[in-house]
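For reference, the structure is listed below as structure tokens.
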Amino acid sequence: MVIGATLTTLSFLCVSVMSALGKVAGQLTSTGVVVLFQNLICLLFIAPIALHGGCASLRTEKIGLHILRAASGTACWYALFVAITMMPLTNAILLSFSAPLWMPVIAWLVSRQKASTATWLGAAIGFVGVVLVLQPHHHRFNVGTLFALAAALLLAVALMSVRWLGATEPMPRILFYYFLLSTVMAIPIAAIQWHSVPARAWIYLLSIGFAQLFAQVLIVLAYRYASSVKLGPFIYTTIVFTALIDWVVWDHPPTLFVVLGTVLVIGGGLVAIRGKTEAPLAAIES
């Protein structure tokens, strides 16, 4: 558990850095280009490792899960990169990383097993926190919030699929299929949104690619030491890291509503994922 928690925390530190880099890159080029190079750079590094054992090492009986993970992960990052160009970085990350609130619910829907009272109580607490962050009575509706909330749902699916794949698939194979499929999925979007990329943007695109690579390697390793439910709370470290980056780099100290919302989202998530969800997850994984 200690090793899994440490690896998860480091993974989401990389995610926080990548999100900040994505906010800057999004001002220099299109979101489709950012998502494409985020995955293409990783693919170039992981492919030789995955292919070291020959084509036989890439044979899998879970191609459907690989496609699910790639589709949900790619869509999640696209939605998140759009959101952070339309709203404060901390708010976008907080809403997007409310994913643990959704994970037990998704597990219940898939397994058709009754969710615990703690699951619903935690989700209700967390959603109150989301409303505080949104503050709908204080400003006009921001379309970025829809992208951030969509990213949360997609992230929940992506994280759970990592766990399901990690039970039987080796890490190089998981990463290879993720980056390969995500690159293929991102190409049409990047082609439609393509325009000349400034020289300065390449520094950010390369940095985003490496941050993504480290984040993916660390999270896959983490789920080999503990379940996604037990490690779920550590996803919230990315909110803390991002808030610090947003404060230091963009001089955006968190407001009282954001602080209160963060406490409720984290508290609700802890209550929800500590509910009796291990049985539904075990049923799915079996």
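FYI, the numbering just counts along the sequence from 1.
With rounding to the nearest 0.5 Å, the separation of CG in L65 from CE in M160 is 11.0 Å. Here the CG-OG1 distance, from L13 to T237, works out to 8.0 Å after rounding to the nearest 0.5 Å. Atom OG1 of T183 sits about 9.5 Å away from atom CD of Q38, to the nearest 0.5 Å. Taken from CD1 in I49 to CE in M171, the straight-line distance is 7.5 Å, to the nearest 0.5 Å. Atom SG in C14 sits 13.0 Å away from atom CD1 in I208 (nearest 0.5 Å). Rounding to the nearest 0.5 Å places CG of L149 at 11.0 Å from CG of L154.
Side-chain contact between L58 and L51 is present, with heavy atoms from C-beta onward closer than 4.5 Å. Between V24 and W250, the closest side-chain pair of non-hydrogen atoms falls below 4.5 Å. Taking the side chain as every heavy atom from C-beta outward, I189 and L36 never approach each other to under 4.5 Å. Looking only at side-chain heavy atoms (C-beta outward), I93 and L80 come within less than 4.5 Å of each other. In this structure, the side chains of T8 and L218 stay at 4.5 Å or more apart for every pair of heavy atoms.
Within the structure, side-chain hydrogen bond (donor to acceptor under 3.5 Å, both in side chains) pairs that include any residue of residues 67-81 comprise R69-Q216, T74-S182, Y78-Q193 (at least two apart or interchain). Judged as a ring-ring contact (aromatic ring centres under 6.0 Å, His included), the pairs with a partner in residues 174-199 (not counting sequence neighbours) are, in order, H66-Y177. Pairs passing the ring-ring contact (aromatic ring centres under 6.0 Å, His included) check and including a residue from residues 13-49, sequence neighbours excluded, read F37-W202, F45-F210. Among residues at least two apart or in separate chains, side-chain hydrogen bond (donor to acceptor under 3.5 Å, both in side chains) pairs with a member in residues 16-32 are S16-T238, S16-T242.
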Worked verdict on V197 versus L205 for side chain to side chain contact (heavy atoms under 4.5 Å, CB included): CA-CA 10 Å; V197 180; L205 292 175; 4.1 Å; yes
Passes side chain to side chain contact (heavy atoms under 4.5 Å, CB included), L68 versus V157? Steps please. CA-CA 8 Å; L68 174 64; V157 175; 3.9 Å; yes
Can you check side chain to side chain contact (heavy atoms under 4.5 Å, CB included) on F241 and V17, steps first, answer last? CA-CA 8 Å; F241 293 140; V17 172; over 6 Å; no
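When the side-chain hydrogen bond (donor to acceptor under 3.5 Å, both in side chains) test is applied to T6, no partner is found at least two apart in sequence or on another chain.
Remark: side-chain polar atoms of S207 are paired, donor with acceptor, to backbone N or O of I203 under 3.5 angstrom.
Transitive grouping of hydrophobic side chains (ILVMFWY, heavy atoms separated by less than 4.5 Å) keeps L21 and V240 in distinct clusters. Both L206 and I46 belong to a common hydrophobic cluster when Ile, Leu, Val, Met, Phe, Trp and Tyr are linked at side-chain heavy-atom distances under 4.5 angstrom. Tracing side-chain contacts under 4.5 Å through hydrophobic residues (I, L, V, M, F, W, Y), one reaches M18 starting from V249; they form part of the same cluster. Taking hydrophobic clusters as Ile, Leu, Val, Met, Phe, Trp and Tyr residues chained together by side-chain heavy-atom distances below 4.5 Å, L175 shares a cluster with I63. Under the 4.5 Å side-chain heavy-atom criterion for grouping Ile, Leu, Val, Met, Phe, Trp and Tyr, I192 is not connected to V35 through any hydrophobic cluster.
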Please set out all donor-acceptor pairs under 3.5 angstrom arising from side-chain atoms of residues 83-90, sequence neighbours excluded.
from : atom 1 : to   : atom 2 : distance (Å)
T85  : OG1    : V82  : O      : 2.6
T90  : OG1    : D246 : OD2    : 2.9

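Nearest approach of P172 to A50, heavy atoms of both residues: O-CB, 3.8 Å. Nearest heavy-atom pair, Q212 versus C42, reported as atom, atom and distance to 0.1 Å: CG-SG, 3.7 Å.
In this structure, W247 places its CH2 atom where only 12 or fewer heavy-atom neighbours from other residues, nucleotides or ligands lie under 6.0 Å away.
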